[in-house]
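Accompanying notes for the structure given below.
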Amino acid sequence: KASQAAEKRGWHLYLVGGAVRDLLLADTTGTLMIKDIDLVVDGFHKSADVGAGVELAKALQQIYPAARLEIHGAFQTAALLWHKDPEFDSLWVDIATARTEFYPYPAANPEVEASSIRQDLYRRDFTINAMALRLTSPRAGELLDFFGGLLDLHAKQIRVLHANSFIEDPTRIYRGVRFAVRFNFEIEPQTKEYIRYAINSGVYDRTTQENSRTPALQTRLKAELKHILEAPYWKSALQLLDDLGALQCIHPTLKLERELLWQLRLLERCLQRFDPQQTLIHWQMRLEALIAHLAPEYRAKVAENLQLPEDSIARLKNLAQSLCQIVESLPNCQSPSQVVQLLRQFDLPMLILIATYSPRVSKLRRQIWHYLTVWSHVQPILNGNDLKKLGYKPGPQYRQILDNLLTATLDGAISDRIQAEEFLA
Ligand code: ATP
């Protein structure tokens, strides 16, 4: 339908980017799952019609009223979204006008101008992502591969399109690593050199500097980190980022040291044990663990730059102080109830972060572990209804009575209802 609508207007329509790559990969792997489709409209004459993608998307929405239409003016793109639709399940179709990008300065947000399909493909990140499949006739079904993407796909190589690519957009380093690890490809040696060159030339300064003039870059870096840290291959990806020196884009001092690896393993154990339902955001906890590994004075700033949510920034800001408080107070706790009183001031993500962050202080970790597995689940043996039946007048004193019961239960003074009633008497 989309190609018919384009042909009717005398335009060419192409399938581009990840969907072409995944289609070609499916030839060898036999598996294909595409949820995102990128289409590019091209074929205008002199007065390039920058609104073509939007016009086509509007025409398609008339044909498929169940699809939601979104228009992104600045980049002349439109998206059609089918969400849990009987016809398409869940599908996202981006329709853009062929375009060229200019970077007004390195690591800036690109500025865009209408252009031809070749130039559109040239602005992309890697050869395997820079192929197009023509959908309109004549020659529908033809593969446009100007940069050797198919060869690289067969050779399992991640190859960048031009030398300046990583300087223009450092998040491509993260994308390259993500594709390499996901497909089990190699980053081609020259591309590795370009990555190292970009990093050595300080491209990450622009991603980490205070009051960054390129906040959109931080947003894209965060999006890439999310992609990586929620994927099953996140550990190998971090390892490769570290080998390339690319963790410096998060902070110049960040390295995947043995201690940090240990902390990340511990974090996984904590998340599996204490949050099996995934009520916490696990990729974000992994990112917090990386940031927690930095010196305390950098943590909040890095979290703010990456635009993490308020609670996450607060956690990283307060981590050192909370850890200090626990390290100082825990040895003075004489009973389980005192440990509970101390630790219940902190929520689960903070306790997980503290437990993860303090591997050397193993007694502390054991206490937190025991608190989370056992003590935090202990309830007073009687509840408010029981107190009522025993003749206590409902009121604010209930809280105190139940607290006293909890303390006695935790410290082993009572273990059943009879003992609890005797205790109250
Ligand atoms: P995935 O399967 O992970 O979604 P994808 O290749 O479809 O992979 P997208 O992030 O959806 O990834 O991007 C779509 C296409 O847009 C890419 O294939 C690539 O051609 C281009 N692209 C995306 N991000 C960049 C970037 N930072 N620089 C250059 N080209 C990019």
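By convention here, the first residue in the shown sequence is residue 1. As the structure lists them, so they are numbered: ligands from 1, and atoms in each ligand from 1.
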**Message:** Thr127 and side-chain hydrogen bond (donor to acceptor under 3.5 Å, both in side chains): which single residue from Asp152, Thr191, Asp145 fits?
**Reply:** Asp152
**Message:** Does the plane of the ring in Phe179 sit parallel, tilted or perpendicular to the ring in Phe183? Use 30° and 60° as the thresholds.
**Reply:** parallel
**Residues Glu268, Arg286: salt bridge by 4.0 Å N-O rule** = yes
**Asked** Which one holds for Asp38 and ligand 1: side chain close, backbone close, both close, or neither close, with close meaning a heavy atom under 4.0 Å?
**Response** side chain
**Message:** Could you walk me through whether Arg175 and Asp169 satisfy the salt bridge (charged side-chain N to carboxylate O under 4.0 Å, His left out) test, starting with their C-alpha distance in whole Å, then the side-chain angles of each, then the deciding distance to 0.1 Å, before giving a yes or no?
**Reply:** CA-CA 10 Å; Arg175 290 177 61 82; Asp169 180 358; over 6 Å; no
**Message:** Below a 4.0 angstrom heavy-atom separation, can you tell me which part of Arg123, side chain or backbone, both or neither, approaches ligand 1?
**Reply:** backbone
**Message:** If you count heavy atoms of other groups shown closer than 6.0 angstrom to NZ of Lys317, is the number above 12?
**Reply:** no
**Asked** Quick one: side-chain contact (heavy atoms from CB on, under 4.5 Å) partners of Ser236, sequence neighbours excluded?
**Response** Val181
**Asked** Got an N/O contact under 3.5 Å between Ala19 and ligand 1?
**Response** no
**Asked** Among His227, Arg182, Arg175, which residue places a heavy atom closest to atom 22 (N) of ligand 1?
**Response** Arg175
**For ligand 1, the portion of Glu168 having any non-hydrogen atom under 4.0 Å away** = neither
**Message:** Minimum distance, heavy atoms only, to atom 19 (C) of ligand 1: which one of Asp22, Leu121, Asp125 is it?
**Reply:** Asp125
**Message:** Just to be sure I read this right, does ligand 1 sit under 4.0 Å from the backbone of Phe126, its side chain, both, or neither, counting only heavy atoms?
**Reply:** neither
**Message:** Under 3.5 Å between any N/O of Arg220 and any N/O of ligand 1: does that happen in this structure?
**Reply:** no
**Under-4.0 Å heavy-atom contact with ligand 1, by part of Arg178 that carries it** = side chain
**Item:** Ser322-Asn318 side chain donor-acceptor pair, cut-off 3.5 Å
**Value:** no
